[in-house]
Amino acid sequence: MVLLQNSRLLVTSALPYANGHIHLGHVVEYAQTDIWVRAMRMKGRRVVYVCADDTHGTAVMMRARQEGRSELEIIGSMSEAHQRDFEALQIRFDHYGSTHSEENRRFAGEIWKAFRDAGRVTETHVEQLFDPIEKIFLADRFVKGSCPRCKAKDQYGDNCDKCGATYEATELLDPRSTLSGAVPELATAEHLLVSVEPDRPWITEWIQAEGRMPREMANYLKGFFLGQPFRDWDVSRPAPYFGFEIPDAPGHYFYVWFDAPIGYLAATSQWCERTGEKFDDWWRSSECEIVHFIGKDIVKFHALFWPSMLKLGGYSLPSRVHVHGFLTVNGEKMSKSKGTFVLASTYLAHLDPAYLRYYYASKLGSGVDDLDLNLEEFIQKVNAELVNKVINLASRSAKFVATTGLTSSYPDDEGLFARAAAEGDEVEKAYEAFDFAKVTRLVVAMADRANEYVDRKAPWALAKQPGKEAEVVEVCSVALNLFRQLVVYLAPILPKLADDVAALFGVPNDSFACARTALVGTPVTVYTHLMKRVDPKAVEAMVEASRVETAAAAVAPVAQGAPSAQGEVLDDDGASLAADPLAPECSIDDFSKVDLRIARVLSAESVPEAKKLLKLEVSLGGDERRTIFAGIKAHYAPEQLVGKLVVVCANLAPRKMKFGMSEGMVVCAGDGQGVFVLTPDAGAKPGMRVR
RNA sequence: GGGCCCAUAGCUCAAUCGGUCAGAGCCCCCGGCUCAUAACCGGGCUGUUCCUGGUUCGAACCCAGGUGGGCCUACCA
């Protein structure tokens, strides 16, 4: 570990993008960072934790146009929503800013000037497609057309997902703007690039320093980027663009990824302004170490470009770039149709944030592995470990000392308290090493020992024997002290519980040192449940609510590459329509050529060798049956479909596929991300025509 | 096709330098208890540590090859 023991710490989480709400995938990162920050504070370190909304770029601009609102309105309301979610999740920043701030403009300008002064800015002309209606240059993701190689329709401007060809957007056949549907024109745009190649030698070394980042990430960067010259980085976008105009290049704007990480600087600066701290003490001081928490998708920006920017600007480099994996739910990617794409606000409407914080912590090691939220395990683990073992200690002992309080001197407890106190070092080390799973393992083991002790001493039996009153109080004083010790160790993960327990005894739990000394003579207030068991029905309700919410929701036109940009738009904002414009008008005769029928799914099986295909057997009524291969494996389990009525195109020319003949097509709605099979209302029968 | 990571009981995972490390929790079964949020305690149960070969006095841990996953990326390492 590169971290020094006594320096101050500046900690960041990646900036959530202003185009979508916080969901459970985001929470992995913010909860993890928050836990680490709290743990470092409880060790006595000075820590500042900053974050901000990432606001710039085409996605926000287009959303503003579609909704007829200004960008400022959109980023304003999204920032509020984000902060509300974080607050409810007990994720506490010292400062939460926005990349759309004067400070950020200033820092971006300064770093830009540093590139200029170093002679590292070059210009280039890029032939790019231009939307004559929206008056905007089209990024690859905003153009669709036919693949120049295999002629597959509806492909984005960078590569073909049918044949895998890569090409320039300008090579697409029949290109269309996904924004307006217009035929794009070829236009020349001037772009500004910065060179990062001069930094490659020292970045190569910097990345591989012990503890800089998880080993597999360092290997990945080394193998993938560092072995060859860095290409110049295109950091400008032509107007119109929602962002900062480049000071010495009118008409050019900073690309969102240029000013996004600079948001870390700006947020710190705002915090300094507010608190009277000196900025240079945090970003230009050997006494301060910087720790970034990021997802593995954005490691390139944080480990290659960002150090280069910092160095040129004269700022400190990060001591640690802590990289985590993605969230899966029940073993697979979050799925809207399965209701496992859960927004933070939806979770919070049904469940206590403490459960999620605990569960995530119990699964977080120091590596980059994806974290699976298995909902069954979530219920079982939280109930068994947290409520049944830890909380139970207080629950089973508190009432015996309600009138007496804790003993005035700490009784003999067979060394249990001392042992757990000694293990505090291990707990602290595990926190520091980001191994929160180990923390929970240690704590659960301590709780087991404590429960075993209470069981052996059986205070409930003693209470029935006259003259043993003092002994009862002793046993329960031990139990409560052991309990509080656990709560102190868990405090970074469960700050609310720590506060509640502090109130129970009237003694704070704000430092790991609190776990070293037993409480004596302390009065105990009336005990009420500190945490309820997870109700499986609430989990079900949350999944159901997510299914409903997202089924009704439109999808963001593009998932933009900003920090942790896993966000989605969740209302009927026309984004889907914009992303996939209406086809040219057709006649009723044209339409009649397509014979759509209701069909019943008789069987469905996944094609093991195929990535995307399910093999369906459908009935059109009577003996008319069809075998259809549908590319919906990623979105539907075979058993979800069996027995369902669906709409199929019955007169589609049969198509020979690798796995057999497909004799029709199941009609689905989709936008490239979600896929939704259409089903008729009750009463429809197989064979009915759809007009 | 290339790169990286991973592979331990039904499930989720542990196991400082290769040396009682083959473990914990959950699940399941049996027993106890009744203070506690149908919670707690005790006992039992399952493993050729993916396979094959090698190094070593000794390997889950090191090396080679293979198989199977995950992620990234693509005619380029």
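Note that these values count all heavy atoms, side chains included, but never hydrogens, waters or copies made by symmetry. Bear in mind the structure is a predicted one, so any value in this text is a computation, not a measurement. In what follows, chains carry the letters A, B, and so on, assigned in the order in which the sequence lines appear, proteins first and then strands, with residues in each chain numbered from 1.
- Residue whose closest nucleotide on RNA chain B sits further toward the 5' end, between A/Glu385 and A/Leu530: A/Glu385.
- One can place CD1 of A/Ile391 at 15 Å from C1' of B/C40, the figure rounded to the nearest angstrom.
- Per the geometry, NZ belonging to A/Lys532 stands 17 Å off C1' belonging to B/A36, to the nearest Å.
- Heavy-atom contacts from other residues, nucleotides or ligands closer than 6.0 Å to CD of A/Glu452 number more than 12.
- In this structure, A/Leu386 places its CG atom 13 Å from C1' of B/U37, rounding to the nearest Å.
- With both pairing distances under 3.5 Å, B/C61 is matched to nothing as a Watson-Crick or G-U wobble pair.
- In this structure, B/G25 forms a base pair with B/C11, meeting either the Watson-Crick or the G-U wobble geometry with both donor-acceptor distances under 3.5 Å.
- Checked against B/A39, B/C71, B/C13, the side chain of A/Asp370 finds its nearest nucleotide in B/C71.
- Distance A/Trp460 CH2 to B/U34 C1': 8 Å, rounded to the nearest Å.
- Comparing the same atom, C1', in B/G65 and in B/C26 gives a spacing of 37 Å after rounding to whole Å.
- The C1' atoms of B/C35 and B/C41 are separated by 13 Å, rounded to the nearest whole Å.
- In the set B/U37, B/C26, B/C35, the nucleotide with an atom closest to the side chain of A/His529 is B/U37.
- Distance from the side chain of A/Lys296 is smallest for B/C71 among the nucleotides B/C35, B/C71, B/G42.
- Residue contacts shown for A/Lys464 are limited to sugar-phosphate atoms, with no base heavy atom under 4.0 Å away.
- The distance between atom CG of A/Asn388 and atom P of B/A39, rounded to the nearest whole Å, is 6 Å.
- Distances from the side chain of A/Lys399 to the nucleotides B/C35, B/U37, B/U12 place B/C35 closest.
- Here B/A14 presents its P atom at 11 Å from NZ of A/Lys438, a figure rounded to the nearest Å.
- The base-pairing partner of B/C76, taking Watson-Crick or G-U wobble contacts with both distances under 3.5 Å, does not exist among the strands shown.
- Atom CG of A/Asn451 is separated from atom C1' of B/A39 by 9 Å (rounded to the nearest Å).
- A salt bridge links A/Glu377 with A/Lys363: at least one charged nitrogen is closer than 4.0 Å to a carboxylate oxygen.
- For A/Lys363, whose side chain is taken as the heavy atoms from C-beta onward, the closest listed nucleotide among B/U12, B/A36, B/U37 is B/U12.
- Distance from the side chain of A/Gln380 is smallest to B/C26 among B/C71, B/U12, B/C26.
- With respect to the salt-bridge test (charged N to carboxylate O, under 4.0 angstrom), the residues A/Glu423 and A/Arg449 qualify.
- Residue A/Leu373 is out of contact with every strand shown, counting any heavy-atom pair closer than 4.0 Å.
- Taking only side-chain atoms of A/Asp455, from C-beta outward, the nucleotide of B/G42, B/C35, B/A14 with the closest atom is B/C35.
- Proximity of a side-chain donor or acceptor of A/Thr33 to a complementary backbone N or O of A/Phe293 within less than 3.5 Å is not detected.
- The aromatic rings of A/Phe434 and A/His322 lie parallel to each other, with less than 30° between the two planes, well short of the 60° mark.
- A salt bridge links A/Lys457 to A/Glu414: at least one charged side-chain nitrogen sits closer than 4.0 Å to a carboxylate oxygen.
- Residues A/Thr328 and A/Asp372 have side chains that bring a donor and an acceptor to within less than 3.5 angstrom of each other.
- Among the atoms of the strands shown, base atoms are found under 4.0 Å from some heavy atom of A/Asn392.
- Taking the side chain of A/Glu377 as heavy atoms from C-beta on, and the options B/A36, B/U12, B/C26, the nearest nucleotide is B/U12.
- A/Arg456 has its CZ atom 9 Å from the P atom of B/G42, to the nearest Å.
- Separation of the C1' atoms belonging to B/C17 and B/C61 is 11 Å when rounded to the nearest angstrom.
- No engagement by A/Met217 is indicated, since no non-hydrogen atom pair under 4.0 Å with the nucleic acid exists.
- Using a 4.0 Å heavy-atom distance criterion, A/Val387 is classed as a base contact.
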